[in-house]
Structure formats: C-alpha cells, structure tokens
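Accompanying notes for the structure given below.
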Protein chains: 2
Amino acid sequence: MSHSVYGRLMSVDRNQVLRAAAALLTRKATATMDEVARAAGIGRATLHRHFAGRDALVRALEELGLQELERALDRAGIDAGPEDAAVRRLVAEVEPVAPLLSFLVTENQLFEGEQVNEGWARLDARVSALFRRGQENGVFRIDLTPAWLTEAFYGLVGSGAWAVQDGRVAAKDFQYMIVELLLGGARRSVEK
Amino acid sequence: MSHSVYGRLMSVDRNQVLRAAAALLTRKATATMDEVARAAGIGRATLHRHFAGRDALVRALEELGLQELERALDRAGIDAGPEDAAVRRLVAEVEPVAPLLSFLVTENQLFEGEQVNEGWARLDARVSALFRRGQENGVFRIDLTPAWLTEAFYGLVGSGAWAVQDGRVAAKDFQYMIVELLLGGARRSVEK
DNA sequence: ACCGAATGAGACATCGACGTCTCATTCAAT
DNA sequence: ATTGAATGAGACGTCGATGTCTCATTCGGT
C-alpha cells in the first residue's frame, strides 16, 4: 500500500498542479485545459483524472485561493492593534496570493450570481469588519463605507498585481504603493 | 438614395448597437454573438453584416470607449487648474464610461501584448501627466509614481463600476467614493 | 525482478459558437 | 404601386475545446 496525504494514491501533487494552473490562468485567463496541463508538466488526460473539468479546476482554485486568503488574514492578525497597521500587514500577507485573487475575482464576475462560494462572503465580512473597526476607533474616515473600502482593497490589489506583471510597477514597491494609496490617498498631506 | 450619416445606407444605428453590446458585455463578458444581437434588438446575421466578427466588434467597442474617454478627458479640462480638482472632474466625466472602461481593460489583459491599440498609450500618457503635474506642483505626493496612480485610477473606477452594478455601493456615491479614496485615502486626516 | 497503479499520448465523439449563405419579408424612396 | 436595399430567420459547414476512452509505458512498493 502506498497511501499518501489524503489516503489516495498520488503521483502528481494535486496542490502543485493547482499552483501551476494558477500561475498560468493568472496570466492568460482563457488558457486551454491542454495548456494548463502542459504548464503543470502533466498530460491532459491526467489533468482530467484529477479535475473533472474546467469548472472543477476553477472551483478547486477558488478553494485554494480562499484558504490562502483566510490564512493570510489569520497571519496578519486583523483583529488586533491599530487598524492602519493591520491593513499594512494584511497587504503584505496577501501579496503572494494577489495574482490568484485577481483571477478569481474576475472569474467570479462571470458567474453572474449563479452559485458563489460562501467563502467570499466570509472573507468580505472579515475585511469589512477591519475597516469598520477602524472607523469606530477613529482611525479611518467614516464617509467611506466599509463595503467600498473592501471593494477598493480588492481592486487595488488586483491592479497592483497586473501593474507588477506588466512591469509598470516594481515588484518590491507592490506593498508600499497599495498601502500608501489605500490609507493615505494621492493628495499630499500635512501630517505624516 | 437614402444616404445617412456616413454616406452608407443604414437602418440600424451602428452606434446604438455598440451601446447595447457594451451594456451587455459589461455585465457578461462571455456573451455570445447571438446574445449581443438579441440585446441590440437585431438578428445575428445583421450583427455580422456590421461587424465582421467578435474581434471586430470588440475593436469597435475599444474605439468607441477610447473616443468617449478622450472626450471625457477633454471635458474635464485636465490641463488646467488645481490637479486635485481636475481629478474630481475627471472621475465625474468618466463615470458614464466606467463600465465600458472596465470591460475593455479586462479584455485587454487577455490580448497579452498581441496588438494593443495605441489609443491606450495616449490615454495613459494624459492621465499620467495629470498626476505628474500634480506632483510637481506639490499637490500630490511624490512617493507614488504617476504610472501607479494611473493604474490605481483605472482599478478604482472599475471596482466602483462593479460595486455599483452589484448594489454594494449606491450609484450616487460612485464619484465621491472613488475621488475621496484616490485623493485622500482611507486614513482619517487632520486636515480637510 | 515483479506487479499494479498511475501516467502520457493519442484517437474519438460531442458540443457550442462562429461565420457564411439563402430566401422571404419589410420598409423607405420614388 | 413599384423597386431595391436592408433585415430576420434559419440552415449549413467549420473549428476549437472539451470530455471520454484505450493502450502502451513508467514508476514505486514489495
């Protein structure tokens, strides 16, 4: 018997395949199943053996992304300390998942309300709660709704990921650019 | 002879078809040519008579979007007066085109550098120049590159459009939410 | 060295969307 | 009323991607 991680025989690392798929689909969202397979270094048939179809693959990616995002939220310690610092930590932790997040957000827009993974709601709730707490503690302005700040957070992370990908922004500046704009805005401020 | 606008016989208003297509594709980027035709109230055959194929349709939408964006830039009077006020006017003028802009930006990401309309470069240059001028005049912070501010501008406009579409943000708050976040950021400021 | 699971390569049928074409019909101009 | 352009509906054929299947091969465990 050669049982491994989940009690199943596995020569190809499911998680590694997902990584490769994420890396490719992040750059080319319309990539073929065949292209995904090649990118993962496996045959198309094998890819199908692990993921029933393109849908299943995307769902698995969604699951992976949500897990990593939740973990990023955990590591960032969203619920403790000054909220602006928490946002800093959040962006830092989210950076590695940024491209995947961007892909999934775009992909979700296509679903047009079919059946959205409830994980997104939980994620939104956590991020939104951070901004709300910051408002209650007088750290964030109250005229921008938590829902919008959450949305803007996703948007900026996505924009940042693409900007880095296209070389319009240096990878090392990713965190700084996003955090500074999200927290401080573009206008020159007397404080700080 | 029934010559009309551009010297051709036209029963269907080409521009109106483009509007309908934009409205639909904005919501459902993967819409079929048939769906687009139905949305425009015409037959699929007629749609093909006006736009050789899906590519041609998207290109036409790109052209339309670029024209409207350029006009929005013109109307906003980007080159005059305080730069922060100019950004306000810019967002206000861009709002009607926001969904289409969002669609085109996403669509362009798929092209993966094939042949991008040079119009985007011109647009980027104009917006970027606004931010740069603002920096030179001490209105905007200099630690955020104009390229990134431009990118963030697109991103926030897109996020805003989707947030409104999904009802997460009130349509009337669109401009305010974007402008305030882009200019002032989320952090509570002593000034203002 | 052996055995069986897992893989890779390819063949195959299917399906959806596309692009083209035909033909009857509508409609505006004359 | 007549004419011709333009449209709508539908029939095709085509193509790319998908999903399934088979079979030879590889590879790890024993």
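Chain naming here is simple, since letters A, B, ... match the order of the sequence lines and numbering starts at 1 in each. Here the structure is a predicted model, which is why all the values come from computation and not from measurement.
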Mind calculating the distance between CZ (B:Arg38) and P (D:dT7) to the nearest angstrom?
16 Å
Take the protein atom CZ of B:Phe51 and the nucleotide atom P of D:dT7, then report the distance between them rounded to whole Å.
11 Å
Write down the distance between CG (B:Asp55) and C1' (C:dG19), rounded to a whole number of angstrom.
13 Å
For A:Arg49, answer base if it contacts any base atom (sugar-phosphate contacts may also be present), sugar-phosphate if it contacts only those atoms, and nothing otherwise; contact means non-hydrogen atoms under 4.0 Å.
base
Considering just the side-chain nitrogens and oxygens of A:His50, establish if one lies under 4.0 Å of OP1 or OP2 belonging to C:dT7.
yes
Step-by-step side chain to side chain contact (heavy atoms under 4.5 Å, CB included) determination, B:His50 to B:Val17
CA-CA 9 Å; B:His50 287 269; B:Val17 172; over 6 Å; no
Separation of B:Phe51 CZ from B:Arg59 CZ (nearest 0.5 Å)
14.0 Å
Pair B:Arg88, B:Gln175 - check side chain to side chain contact (heavy atoms under 4.5 Å, CB included), show working.
CA-CA 8 Å; B:Arg88 281 203 151 75; B:Gln175 294 178 28; over 6 Å; no
Between A:Arg54 (CZ) and D:dT18 (P), how many Å, whole number?
6 Å
Between B:His48 and A:Ala45, the residue closer to the 5' end of DNA chain C by nearest nucleotide is A:Ala45
Heavy-atom side-chain proximity of B:Thr150 to B:Phe131 below 4.5 angstrom:
yes
If I take atom CG in residue A:Asp34 and atom P in nucleotide C:dG8, what distance separates them, rounded to the nearest angstrom?
12 Å
Any B:Arg44 side-chain nitrogen or oxygen under 4.0 Å from OP1 or OP2 of C:dC18
no
Interatomic distance where CG belongs to B:Leu25 and C1' belongs to C:dA17 [whole Å]
14 Å
Rounding to a whole Å, what distance do you find between B:Glu35:CD and C:dC18:P?
9 Å
